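In what follows, a structure is listed as structure tokens, so that the remarks can point back to it.
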Protein chains: 2
Amino acid sequence: MAKATANSETPVTSQPRMPTDRMPTIRDIAELAGVATSTVSRALSRPDRVNPRTRQRIEELAAQLNYVPSSQARGLSSGRTNAVAVLVPDITNPFYFDIIRGTQHQLKAAGVTQLLVDTEESNEMELEALHKMRRSADGFILAASRLTDAQLAEVSGTQPLVTINRASASAPTVVIDTPSAIIQALEHLSSLGHHRVCYVSGPPTSWSNQARWKVFEEDSSKRGMETHRIGPFVPKTTSGAAAADAAVRTGATACIVFNDLLAIGMLQRLRERGMRVPEDMSIVGSDDIFGADFCNPPLTTIASPIEQAGRVAVSMLLSQLNPTPGRSSRKLAIMPTHLTIRASTGPAPD
Amino acid sequence: MAKATANSETPVTSQPRMPTDRMPTIRDIAELAGVATSTVSRALSRPDRVNPRTRQRIEELAAQLNYVPSSQARGLSSGRTNAVAVLVPDITNPFYFDIIRGTQHQLKAAGVTQLLVDTEESNEMELEALHKMRRSADGFILAASRLTDAQLAEVSGTQPLVTINRASASAPTVVIDTPSAIIQALEHLSSLGHHRVCYVSGPPTSWSNQARWKVFEEDSSKRGMETHRIGPFVPKTTSGAAAADAAVRTGATACIVFNDLLAIGMLQRLRERGMRVPEDMSIVGSDDIFGADFCNPPLTTIASPIEQAGRVAVSMLLSQLNPTPGRSSRKLAIMPTHLTIRASTGPAPD
DNA sequence: CAACTTTTGGCAACCGCTTGCCGCAATGTT
DNA sequence: AACATTGCGGCAAGCGGTTGCCAAAAGTTG
């Protein structure tokens, strides 16, 4: 004769409850609902493959159990991770923060997880991340990639990716059209009477740095201006001092600077040296980052829709990942820019 | 009799090569090495469980095939994801940039993936993220959580988490000790002859806002100062205008502001209104974010080791996830702060 | 009412890796 | 020489889902 009770037994309650220690799985739901796990799976992901009544029952149960599918398990069988990695050269730089903000926003909207990676301006780290994360991300967004053309081509052959501010024949790209705005900036300086201008360059490996210089050189000489170039400088405020000193030395009366960070650093140094901006020297930055409007003096800069660039990059990547049969996805997006004039530019001295 | 050849067959080559279309798995390596998959698995993750020679062979093969383990599969069987989610209320805010930078840094060092989530200052979004990501993260870092005490307690019962700038009895916490620095700031203002001071408050749901106000009120009245409080304001530069106007109206000669963002906004507005800082009004910010040193005038502020707070939070979380038998992990870290005096504070008017 | 089509749900084989358990061989112990 | 240890590697059962294939059930049609 069996003992009537055992403490380990719990009477069946009307409200189904899972063991609190373990996360509910598809199987728990299946048992409770009296169906197979496959049915639960389908009810949850391909709703029309299952009878509305069964489905509802399953959905209720799932909600009751607080069920959350394991993205790991799901990824394992489906082969997708539902995550996108965003690689930036310097997480410290406000410019990239705007990019991150943009990608984050758009990825979230698409229900995709963002994996953020700081490659520390290093070609090697970038490659390594690209390699190591192959399995954990469905695609990559490379902001201002430091990869060589060959590397980029190779990688983009293997895995979906889109670049930001790095033209490439092999991968879809979104570029911020700062170069064209440089013409506007030169026009602006020219109209203020400047004849000696200087380009303050950033990282030599930066594609956009090269692009900007090229346009600068062409257009300034076309205008008959005396053209200088200094650098390269690390694009941080701390390099601004060296840049400012070098700029002064060229005798130029106006500078167009690789980015706002550097420009702001220059502003500080120039003030220290007792030079007035814009009376003695005009400064044009680039990117219109956070801070460009409240530094002293507020910075005239080439305003870029940075955040939007991030969003567009995500769209391009996603449409590459889930191709719509008819439409082929876009390969290039050019984000327009414009000159935002603040107080750091003024008439040329004397 | 079997056909002698079939096109699908490839002669065995001396150099092992995998089908280019599929990612190499542990199984491919096992086959090539003539061992069982379990051996490969062990060779790669528990090196001393396997003969050095076998291990080396496997490692070479792995390198040759460019093998990268699938974190998904690994997580599925091990039950861990090797990822940590970092929840911030506003990815736009430089303060959180610094936190993110800190966590990112430390997580990367530990080989853990960072999942970044913007909860948009919303209690609900925060809860939802916490819920949805239960399965995809091993732990959570909540920066300036907007959760109620009850919610926080409940969540922290279920999953490992550490909060930043949000005291909690239930979860490990790292707080930045801005409140105590408020005393320094008041001392500073007092020594400059200010008698009428105003606290410009931030989000009412922010724990640190409450903490700051409490100290401000106590200490300023202890000093016999006339104490004002305005707000709450959304902690963005754009709210600075309203804050500045309200502050002027109180008749206070100095403000301590919830954060630098708001303070910078106030600086701008005061200038617009023709008020001089610090001659007519002194401003003390909080956090020493990017930009506090180059705004106009440079902001006196309560400097916080924000990035370090992020790093410490990660350490605390990780030691919670991989507990060292002997040592119990720390439950509270208080980050010291200090007053950084720049140009936005000066002697009280007349 | 039989023959046929469409739903609906179950079975079972994965996805790639981990791990408890076991067996075999080599080494160490009396 | 017989026996106990230890080191190394294999077997196989998962982890939590997805999905192709099939069969039962339900709905259609002449």
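Side-chain atoms are counted along with the backbone in the values below, which use heavy atoms only and exclude waters and symmetry mates. Just so it is clear: chains get the letters A, B, ... in the order the sequence lines come, proteins before strands, and each one is counted from 1. Treat the numbers as computed from the prediction; the structure is a model and nothing was measured.
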Between [options], which nucleotide gets closest to the side-chain atoms of [X]?
| X | options | result |
| --- | --- | --- |
| A73(B) | dT19(C), dG16(C), dT19(D) | dG16(C) |
| S70(A) | dG16(D), dT18(D), dC17(C) | dG16(D) |
| R74(A) | dC17(C), dG17(D), dC15(D) | dG17(D) |

Inset, instruction - Spell out, as yes or no, whether a donor-acceptor pair under 3.5 Å connects the side chain of R135(B) to the backbone of V68(A). - result: yes
Inset, instruction - Without swapping roles, check the side chain of N82(A) against the backbone of V112(A) for a donor-acceptor pair under 3.5 Å. - result: no
Legend entry - side-chain N/O R27(A) vs dG16(D) OP1/OP2, d < 4.0 Å: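 Result: no.
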Legend entry - Phosphate-side-chain proximity, R135(A) and dG16(C), N/O vs OP1/OP2 below 4.0 Å: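 No, because none of the side-chain N or O atoms of R135(A) sits under 4.0 Å from OP1 or OP2 of dG16(C).
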Inset, instruction - Quick one: label R53(B) by what it contacts on the DNA or RNA (base, sugar-phosphate, nothing), any heavy atom closer than 4.0 Å. - result: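 Nothing: the residue R53(B), judged by heavy atoms under 4.0 Å, touches no strand.
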Inset, instruction - Using a heavy-atom cut-off of under 4.0 Å over every strand shown, decide if S41(A) touches base, sugar-phosphate, or nothing. - result: base
Legend entry - Carboxylate-amine/guanidinium contact D90(A) R101(B), below 4.0 Å: no
Legend entry - R311(B)/E307(B) salt bridge by N-O under 4.0 Å criterion: yes
Mind calculating the distance between [atom1] ([X]) and [atom2] ([N]) to the nearest angstrom?
| X | N | atom1 | atom2 | value |
| --- | --- | --- | --- | --- |
| Q72(B) | dG16(D) | CD | P | 15 Å |
| M23(B) | dC17(C) | CE | P | 11 Å |
| L76(A) | dA13(C) | CG | P | 17 Å |
| R46(B) | dG20(C) | CZ | P | 8 Å |
| R80(A) | dG16(D) | CZ | P | 23 Å |
| N82(B) | dG16(C) | CG | P | 20 Å |

What protein N or O atoms touch nucleotides 8-11 of chain D N or O atoms at under 3.5 angstrom, if any, and at what distances?
unit_1	atom_1	unit_2	atom_2	d
dG9(D)	OP1	T54(B)	OG1	2.5
dG9(D)	OP2	N51(B)	N	2.8
dG9(D)	OP2	T54(B)	OG1	3.2
dG9(D)	N7	R49(B)	NH2	2.7
dG9(D)	O6	R49(B)	NH2	2.6
dG10(D)	OP1	A36(B)	N	3.3
dG10(D)	OP2	A36(B)	N	2.8
dG10(D)	OP2	T39(B)	OG1	2.2
dG10(D)	N7	R42(B)	NH2	2.9
dG10(D)	O6	R42(B)	NH1	3.3
dG10(D)	O6	R42(B)	NH2	2.8
dC11(D)	N4	S38(B)	OG	3.2

Legend entry - Pairwise distance NE2(H105(A)) to CG(D118(B)) - rounded to 0.5 angstrom: 10.0 Å
Legend entry - Interatomic spacing from OG in S45(A) to CZ in R74(A) - rounded to 0.5 Å: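 Those atoms lie 6.0 Å apart.
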Inset, instruction - Tell me, yes or no, whether the heavy-atom count around K108(A) atom NZ, taken from other residues, nucleotides or ligands under 6.0 Å, exceeds 12. - result: yes
